[in-house]
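See structure below.
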Amino acid sequence: MSQQDCLFCKIVAGDIPSGRVFEDERCYAFNDISPQAPTHILIVPRQHIDSLDKADAAESGLLGHLLLISAEIAREKGFAEDGYRVVVNTNADGGQTVFHLHVHLLAGRPFVFPPG
Ligand code: AMP
Ligand code: ZN
């Protein structure tokens, strides 16, 4: 069920344009509008979930799917071997700005740890 004022629900519905990378029945992947690396893709569930903090056991399969799709995109785009980073910013201190759960898939440069 989509939420009326949610940016990513609108992107999933096609009401706001996006650079589509991949989609299936459970998720939609598109290029981040403000890339923080040469490749910066967002993978979002079609189903609206506010954040990782709001996900529950009923969504465990969906959460696993988002990670496996991230890995599949990395292999298909050819950067899996070099490496990449997946990030799920959660709530204010986690740096979350859009409250529709999403996985950042970043690649194309080395990343430091811990992140800032
Ligand atoms: P977060 O800060 O983890 O909530 O990530 C939200 C991400 O959404 C940021 O990296 C933004 O650059 C990205 N973003 C915001 N609006 C759009 C948009 N219209 N299309 C694609 N990415 C977007
Ligand atoms: Zn949403």
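Index from 1, following the sequence. Counting starts at 1 for both ligands and their atoms, in listed order. For the numbers below, each heavy atom of this structure counts, side chains included, while hydrogens, waters and symmetry mates do not.
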* Considering all heavy atoms, the nearest A29-I43 contact ->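 So the minimum-distance heavy-atom pair works out to CB-CG1, 3.9 Å.
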- Message: Tell me whether F8 shares a hydrophobic cluster with I49, the cluster being built from Ile, Leu, Val, Met, Phe, Trp, Tyr side chains joined at under 4.5 Å.
- Response: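 The answer is no; the residues belong to distinct hydrophobic clusters.
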Listing by chain and number, what protein N/O/S atoms are under 2.8 Å from the Zn ion (ligand 2)?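 Listed by chain and number, the nearby protein N, O or S atoms are C6 SG, C9 SG, H48 ND1, H100 ND1.
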### Query
Is the number of heavy atoms from other residues, nucleotides or ligands under 6.0 Å of K77 NZ greater than 12?
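12 or below, so no.
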Quick check for you: to the nearest 0.5 Å, what is the distance between [X] atom [atom1] and [Y] atom [atom2]?
X: L7; Y: T97; atom1: CG; atom2: OG1; result: 9.0 Å
X: L66; Y: C27; atom1: CG; atom2: SG; result: 6.0 Å
X: Q47; Y: Q3; atom1: CD; atom2: CD; result: 10.5 Å
X: L42; Y: L105; atom1: CG; atom2: CG; result: 9.0 Å

Judged by modelled atom types alone, do S70 and Y84 share a side-chain donor-acceptor pair under 3.5 Å?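 The answer is no; no qualifying pair exists.
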* Taking NZ, NE, NH1 and NH2 as the nitrogens, is one of them in R75 or E81 under 4.0 Å from a carboxylate oxygen of the other? ->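 Between E81 and R75 there is no salt bridge, as every charged N stays at least 4.0 Å from the carboxylate O atoms.
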With a 4.0 Å heavy-atom cut-off, what residues sit around ligand 1?
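Shell around ligand 1 (4.0 Å, heavy atoms): L7, F8, I11, F30, N31, D32, I33, S34, L42, N89, G95, Q96, T97, V98, H102, H104.
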